[in-house]
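Worksheet for the structure shown next.
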Amino acid sequence: MAAKKPLPFSDSVMKQVRSIPRGEVRSYAQVAIYAGRPGAARGVGRELKHLPGQATQVPWWRVIRSDGTLAPPVAHEQAKRLRAEGVTVDERGQVFRVVVKKDGKAL
DNA sequence: AATATGACCATAC
DNA sequence: TGTATGGCCATAT
């Protein structure tokens with residue numbers, strides 16, 4: 001019997017994105033790594049772009065850039081949704097990442 | 001199969 | 001500190 005076929009890139013990415021807890025953010029690169037394709041950050045962004053957007057169940061807005069900024073095409077919508085979850089977003093689209101200690105306590 | 005594009009990332013200047 | 005350049009990966013044509 002053939003070995004277990006790895007999930008398609010897109011499915012793997014979606015799975016990871018959906019696993020991001022509310023109020024938490026993750027970078028494209030980080031998602032790519034968790035999806036099993038380190039360095040495929042661009043591919044991640046491409047997949048998220050393919051999403052329905054507002055009508056999706058995938059919390060794409062929790063995926064931001066590695067430097068904490070938001071991607072220009074969606075920055076507006078994204079900032080709005082992030083703030084709705086308690087994530088502090090600067091006017092310039094800068095996200096103050098929620099740092100959590102191993103205790104689960106916010107820093 | 002090769003080229004072009006993109007919601008990126010890291011480094012160099 | 002901000003801008004420019006190269007690299008990486010996954011689709012579309």
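Proteins come first, then strands; the chains are lettered A, B, ... in the order of their sequence lines, and each starts at number 1.
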Once you round it to whole Å, what is the distance between P of C:dT11 and CG of A:Asp11? 10 Å
Are side-chain N/O atoms of A:Gln78 and A:Trp60 paired as donor and acceptor at under 3.5 Å? no
Distance below 4.0 Å between A:Arg37 side-chain N/O and C:dA10 OP1 or OP2: yes
Distance under 6.0 Å and angle within 45° of ring axis: A:Arg46 vs A:Phe9: no
Distances for protein N or O near nucleotides 9-11 of chain B N or O, under 3.5 Å:
from, atom 1, to, atom 2, distance (Å)
B:dC9, OP1, A:Ser66, N, 3.1
B:dC9, OP1, A:Ser66, OG, 2.5
B:dC9, OP2, A:Ser66, N, 3.2

Thinking salt bridges, do A:Glu77 and A:Arg81 make one under a 4.0 Å N-O criterion? yes
When the distance from CG of A:Leu48 to C1' of C:dT11 is rounded to whole Å, what number comes out? 14 Å
Keeping the roles fixed (side chain from A:Glu47, backbone from A:Arg42), state whether a donor-acceptor pair exists under 3.5 Å. no
Chi angles and distances behind the side-chain contact (heavy atoms from CB on, under 4.5 Å) call for A:Gln30, A:Gln16: CA-CA 10 Å; A:Gln30 203 67 299; A:Gln16 295 307 325; over 6 Å; no
Specify the closest pair of heavy atoms between A:Ala79 and A:Val89, including all atoms of both residues, with the distance to one decimal. CB-CG1, 3.9 Å
Base-paired stretches in DNA chain C with three or more consecutive Watson-Crick or G-U pairs, both distances under 3.5 Å, amount to B:2-6 with C:9-13, B:8-13 with C:2-7
Can you name the nearest heavy-atom pair linking A:Ala32 to A:Gly39, along with the distance? CB-N, 4.5 Å
Categorize A:Glu47 for me: base, sugar-phosphate, or nothing, with a 4.0 angstrom heavy-atom threshold over every strand shown. sugar-phosphate
Any side-chain to backbone donor/acceptor pair from A:Ser12 onto A:Ala35? Under 3.5 Å, distance only. yes
Please test A:Val95 against A:Thr69 for side-chain contact (heavy atoms from CB on, under 4.5 Å), starting from the C-alpha separation and ending with a verdict. CA-CA 6 Å; A:Val95 174; A:Thr69 59; over 6 Å; no
DNA chain C nearest-nucleotide lookup for A:His50 and A:Gly39: closer to the 5′ end is A:Gly39
Distance, rounded to the nearest Å, where A:Leu70 contributes CG and B:dG6 contributes C1': 17 Å
Mind checking whether A:Val63 and A:Ser27 have side chains closer than 4.5 Å, heavy atoms only? no
In this structure, how many angstroms lie between the C1' atom of C:dC9 and the CD1 atom of A:Ile33, rounded? 13 Å
Using atom names, set out every protein N or O paired with an N or O of nucleotides 1-7 of chain C below 3.5 Å, distance rounded to 0.1 Å.
from, atom 1, to, atom 2, distance (Å)
C:dG7, O6, A:Arg42, NH1, 3.2

CZ of A:Phe9 versus C1' of C:dA12: gap in Å, rounded? 16 Å
For A:Lys49 and B:dG6, what is the distance between atoms NZ and P respectively, to the nearest whole Å? 7 Å
For A:Val25, is there any backbone N or O sitting under 3.5 Å from a side-chain donor or acceptor partner on A:Arg62? no
